[in-house]
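To keep things clear, I will list the structure first and then write my remarks on it.
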Amino acid sequence: MHLFVEQTLNGFQLGFTLLMISAGLTLIFGIMNIINLAHGSLFMVGAFVAAGVGARTGNYAVALLAGTAAAAVAGLVLEFVLIRRLYHRDHLDQVLATFAIVLISNEAVQMIWGTRPASVSAPAFADRTVTVFPSLPYPVYRLAIIAAGIAAVVFLHLLVDRTRVGMWIRAGTTHRELLGAFGVNVRLLFTVVFAIGAALAGFAGVVAAPFLSVESGVGDNFLILSFVVIVVGGIGSLKGAVYGSLALGLVDTWARTYLPDLFKNFLDASTASTVGASVASASIYLVMVVVLVMKPSGLFGLSDD
Amino acid sequence: MLTAVVLASLAVAPAWVQAVDRAYLVTMLTRIVIFGLAAMSLDLVVGYGGMVSLGHAAFFGAGAYTAGALTYHSLDGSTLLGVPGTQQALVTWPAAAVLGALLGAMIGGLCLRTTGVYFIMATLAFNQMVYFLFNALEVYGGDDGVGLFAAGRSIGPLDASDDVTYFYVCFAVLAAFVVVLNLMVRSPFGRVLRGCRDNPARMAALGFHTYRYRLVAFIISASISSLAGAMAVTESQFLSPSFAEWTESGELLVMVILGGLGSLVGGIVGAAALFVLEEFAIDITDNWQFFVGVGLLAVVLAAPRGLTGLVLGRGRRNV
């Protein structure tokens, strides 16, 4: 039972980290129908800037702010210089141009910071643990990530569902041309959404960094996981991103915890750990398979265009 | 015409690099041939089928792991699921092609239920799944991979341990597939495939089962990519998950675009451009891919028909 509670919390932590990345991605897809492989690079920018600033100042809060701001600025520059040239290009051009950004930024961080992995240390208060369950101490830092994730969900929910900008975002997802005809500056709206998405990705990069070795390409796997989230949740749907992230975070963590033991019931120990680890690493993709079979447009997606 | 020029240049290239005292470049030429074959098969899917697959490294890697695993067990004297290993390319390569076709049927069958960005994301996701599966295979060194240097390169009765001999074996395979794929895209099947790309609604109305045509093209492409992966591991004699890395999928796509989409031969031209650039740039900087990125941006924004488009000045951007 202790293990279950602990791993469930870990699953939520992974899920909320994924949410911060995929929320921006899905809103960008929704409004501009654009695929951005460089979203993982914004995660990386956040982590690297936080590592650099953290090493200089020794202050986590400053590093967190700097990493988030750097990703937001990088996102703004990226949108201004490249992404807006890609609105009317096909998906293949978008994939290639943003893949070029992935190559450039992966090499650029090596040129700037070297090839040795950097690290971000968690803030001082986070070394402590709290008892979340009878005699189960749990690290404060992980709880803080979950709290930040919940805050992000509330923020995005209020933004998308309760404000005028959010109304435009929702309208832009289904009726982009009409929205422009009503006099809304869709490009400016998109720039704002892109910057918010970039800041969230950078924020996720900073908070996840203490668990990672911060090196070139560190955001790539999170990018692909976010794609799985979006395929499962449905493009352009914030709700889909929230439920998709949390579901996949939990499935991945549970599978890694329990599958190797489960396979020990009918395989010998070493085979069981290999098979269990393999199946566990594939678990979230198996969820994606089920969704692709049952509902190809995602659980909360609009129907395929 | 361009196809003939490219193939003829490749055929004499080993003699040329030896004449200018750069015999070590023969392995680079072999890699151009192998990756050119994979890029050409990707062009069938992307250029002719209009399906932007960002997951072809999964098939390339699957081929590498099929051939690599059989070779490993042959060296080891152990068995793979009860089957003895072998180093004979006439066994390992077809095995890779068959496994690639099966994997292509599974991944393609699922991903083709979607279109547009969903398709791109789903293929990329399956690519990552396959990559992590290879990482979990501790028997082949996990994420470190495993060397197969004691293996020879037997192709039937031919011993292709010599790099030049091996180049010509790969070249022969490439030339055969250039002919086959060119015939295929000109056949009724190829016409239907392009129809599905340009106007799927009309093709469906005409009674064509567009999903099936796309899937068949995807399976053929996956199978050829897998064969190329097997040829690559026989060349490098080192098996590792890096064959299936997602950036490898991106690079195959880059080769297709650099060379020119929907031209088949463009894949070979693109592979050559990329490997020659690497050869020269790696002396200047380890971060040569930075310049690949810059060049790719320039091509996408300024020359959407790729290098062959620049040379020929004609052809149509199709996708």
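Sequence lines set the chain letters: A, B, ... in the order given, protein chains first and strands last, and positions in each chain run from 1. Side chains are part of it too, since the values below use all heavy atoms of this structure and drop only hydrogens, waters and symmetry mates. All of these numbers come straight from a predicted model, not from anything done at the bench.
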- prompt: With only heavy atoms counted, which part of B:L253 is less than 4.5 Å from chain A, the side chain, the backbone, both or neither?
  reply: both

task: Please examine the side chains of A:I101 and B:L297, heavy atoms only from C-beta on, and report whether any two atoms are closer than 4.5 Å.
output: yes

- line: Minimal heavy-atom distance between A:A100 and B:G293, with the atoms involved, is CB-O, 3.3 Å

field: Residue pair A:L292 / B:A122: nearest heavy atoms and the distance that separates them
entry: CD1-CB, 4.4 Å

task: Give, for atom CD1 of A:I104 and atom CG of B:L296, the distance between the pair rounded to the nearest 0.5 Å.
output: 8.0 Å

task: Could you tell me which portion of B:D286 (side chain, backbone, both or neither) has an atom closer than 4.5 angstrom to a non-hydrogen atom of chain A?
output: backbone

statement: With A:F99 as partner, the option from B:V254, B:V300, B:I257 fulfilling side chain to side chain contact (heavy atoms under 4.5 Å, CB included) is B:V254

query: Is chain B contacted by the side chain of A:L37, its backbone, both, or neither, given a heavy-atom distance below 4.5 Å?
result: side chain

query: Quick one: do the B:Q128 and A:N221 side chains pair a donor with an acceptor below 3.5 Å?
result: yes

task: Answer whether the closest heavy-atom distance between the side chains of B:L301 and A:D93 falls below 4.5 Å.
output: no

task: Specify the closest pair of heavy atoms between A:P296 and B:T114, including all atoms of both residues, with the distance to one decimal.
output: O-CG2, 3.6 Å

field: Proximal component of A:L225, with respect to chain B [non-hydrogen, under 4.5 Å]
entry: neither

Gap between atom CZ of A:F227 and atom CG of B:N127 - 0.5 Å precision: 12.5 Å

message: Check whether B:Y118 reaches the backbone of A:I235 with its side chain - one donor and one acceptor, N or O, closer than 3.5 Å.
response: yes

message: A side-chain contact here means heavy atoms from C-beta on lying under 4.5 Å apart; do B:F126 and A:M288 qualify?
response: yes

Distance-minimising heavy-atom pair for B:V292 and A:L103: CG1-CD1, 3.9 Å

task: Compare all side-chain heavy atoms of A:V102 with those of B:W246 and state whether any distance is below 4.5 angstrom.
output: yes

message: Is any side-chain heavy atom of B:Q289 closer than 4.5 Å to one of A:N106?
response: no

Closest heavy-atom pair and its distance - B:A125, A:Y285: O-CE2, 3.1 Å

statement: Heavy-atom nearest pair, B:M121 first then A:I35, reads CG-CD1, 4.1 Å

